[in-house]
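Take a look at the structure set out below.
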Protein chains: 2
Amino acid sequence: MSVPLYEAKAELFRLLGHPVRIRVLELLQDGPKPVRDLLAAIEVEPTGLSQHLAVLRRSELVTARRDGSTVVYALSGGDVAELLRAARALLSAKLSGRHALLNELLEEETGQR
Amino acid sequence: MSVPLYEAKAELFRLLGHPVRIRVLELLQDGPKPVRDLLAAIEVEPTGLSQHLAVLRRSELVTARRDGSTVVYALSGGDVAELLRAARALLSAKLSGRHALLNELLEEETGQR
DNA sequence: TATCGAATTGCGAAGTTTCGCAATTGCGAG
DNA sequence: CTCGCAATTGCGAAACTTCGCAATTCGATA
């Protein structure tokens with residue numbers, strides 16, 4: 001094995017570790033979109049968006065095809081949605097953990113004493 | 001919402017984006033482990049491992065409890081396994097994509113011409 | 001063909017992460 | 001209490017990422 005699997009996983013996660021790239025992937029889940037639309041939906045300079053798109057292209061998470069004078073991006077194959085879903089689930093578990101703790105604290109306050 | 005959800009997701013992925021941290025999480029999936037065992041299983045200096053464990057602790061992906069002279073780490077709540085599984089699935093989809101392409105190329109070579 | 005707009009690339013400055021060394025903490029045994 | 005081992009923390013140097021500006025590419029339209 002030339003690249004151990006855990007290295008590949010780490011790299012995948014590292015690629016996902018930027019808000020603009022997350023936004024792009026989320027937007028592309030509703031189907032292919034021209035750069036123009038992404039640019040309108042995300043707060044970022046054109047040049048910055050291009051750079052993030054380049055990262056996603058190099059890692060083959062998205063594909064680009066030229067259509068006239070615009071470029072259209074799409075998710076390529078693999079189930080990115082699943083990953084994003086798992087991330088959301090984990091985050092909400094963490095937040096509701098906090099909530100539960102908060103409730104416990106409140107009970108203690110109001111209950112005895 | 002003080003921190004947009006996509007920022008939180010990006011941060012979560014960024015935290016996962018290091019081989020040592022991935023290894024730690026994978027190892028902890030089989031149950032709690034003392035630092036000593038992690039150290040034996042992963043190629044990393046003690047000081048480096050501590051630093052990565054600190055990152056995971058701060059982000060509350062793992063918890064640490066002291067037991068005598070050793071410290072035992074465990075996954076905290078949320079379903080990390082699910083995330084790692086999704087990552088593996090995505091990677092294998094990508095690799096088998098390549099495979100399919102490779103096969104196509106081979107067919108073209110040997111088929112006509 | 002010349003020019004316009006869309007998107008990308010090259011490049012340097014600023015910011016962030018990672019790594020190992022030295023110093024420190026916490027606990028148990030002698 | 002003091003020594004030794006396990007783990008952690010503080011800190012600085014090196015490596016990597018991100019950002020915006022200027023320059024470039026590519027296709028459409030006059």
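Residue numbering restarts at 1 for every chain, and letters A, B, ... go by the order of the sequence lines. Any value given below was found using the heavy atoms of this structure, including those in side chains, with hydrogens, waters and symmetry copies removed. If you're wondering where the values come from, they're calculated on a predicted model, not measured in any experiment.
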Would you indicate which nucleotide in [options] comes nearest to any side-chain atom of [X]?
{"X": "A/H18", "options": "D/dC11, D/dT18, C/dA22", "answer": "D/dT18"}
{"X": "A/R57", "options": "C/dT9, C/dG20, C/dA7", "answer": "C/dT9"}
{"X": "A/R66", "options": "C/dT18, D/dT18, D/dG27", "answer": "D/dG27"}
{"X": "B/T70", "options": "C/dG10, D/dA6, C/dG20", "answer": "D/dA6"}
{"X": "A/R14", "options": "D/dC19, D/dT17, C/dT8", "answer": "D/dT17"}
{"X": "A/Y73", "options": "D/dT9, C/dT8, D/dT18", "answer": "C/dT8"}
{"X": "B/S50", "options": "C/dC27, D/dC19, D/dT8", "answer": "D/dT8"}
{"X": "B/V35", "options": "C/dT8, D/dT8, D/dT9", "answer": "D/dT8"}
{"X": "A/V71", "options": "C/dC11, C/dA7, C/dG20", "answer": "C/dA7"}

Separation of atom [atom1] in [X] from atom [atom2] in [N], rounded to whole Å:
{"X": "B/E45", "N": "D/dT8", "atom1": "CD", "atom2": "C1'", "value": "15 Å"}
{"X": "A/L53", "N": "C/dT9", "atom1": "CG", "atom2": "C1'", "value": "13 Å"}
{"X": "A/R36", "N": "D/dA28", "atom1": "CZ", "atom2": "P", "value": "13 Å"}
{"X": "A/L15", "N": "D/dC16", "atom1": "CG", "atom2": "P", "value": "15 Å"}
{"X": "A/D67", "N": "D/dG27", "atom1": "CG", "atom2": "P", "value": "12 Å"}
{"X": "A/F13", "N": "C/dT17", "atom1": "CZ", "atom2": "C1'", "value": "19 Å"}
{"X": "A/I42", "N": "D/dT18", "atom1": "CD1", "atom2": "P", "value": "15 Å"}
{"X": "A/R65", "N": "D/dG27", "atom1": "CZ", "atom2": "C1'", "value": "16 Å"}

task = Look at the side chain of A/T47 against the base of C/dT8 and say whether a donor-acceptor pair falls under 3.5 Å; ignore hydrogens and angles.
result = no

query = Shortest non-hydrogen contact from A/S76 to A/T63?
reply =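 Looking at all heavy atoms of both residues, the closest pair is CB-CG2, 3.5 Å.
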
Where A/A81 and A/Q29 come nearest, the two heavy atoms and their spacing = CB-OE1, 3.0 Å

request  = Determine, stepwise, if the pair A/V24 / A/L49 fulfils side chain to side chain contact (heavy atoms under 4.5 Å, CB included).
outcome  = CA-CA 9 Å; A/V24 167; A/L49 181 57; 3.9 Å; yes

ask   = If you find the nucleotide of DNA chain D closest to A/S69 and the one closest to A/Q51, which residue's nucleotide is nearer the 5' end?
value =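 First, find each residue's nearest nucleotide; the 5'-ward one identifies A/Q51.
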
task = Going by the side chain to side chain contact (heavy atoms under 4.5 Å, CB included) test, name the single residue among A/V62, A/L28, A/L25, A/L56 that passes it with A/V80.
result = A/L25

task = Going by the side chain to side chain contact (heavy atoms under 4.5 Å, CB included) test, name the single residue among B/L75, B/L12, B/L83 that passes it with B/L61.
result =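 With B/L61 as partner, B/L75, B/L12, B/L83 yield a single side chain to side chain contact (heavy atoms under 4.5 Å, CB included), made by B/L12.
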
task = Select base, sugar-phosphate, or nothing to describe what B/G48 touches, counting heavy atoms under 4.0 Å on all strands.
result =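 The residue B/G48 makes no contact with any strand.
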
message = Do A/R21 and A/V55 have side chains that approach each other closer than 4.5 Å (heavy atoms only, starting at C-beta)?
response =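 They are in contact (side-chain heavy atoms under 4.5 Å apart), so the answer is yes.
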
query = Does A/H52 have a side-chain nitrogen or oxygen under 4.0 Å from the phosphate oxygens OP1 or OP2 of D/dT17?
reply =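 No, because none of the side-chain N or O atoms of A/H52 sits under 4.0 Å from OP1 or OP2 of D/dT17.
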
ask   = Do any side-chain nitrogens or oxygens of B/R21 fall under 4.0 Å of OP1 or OP2 in C/dT17?
value = no

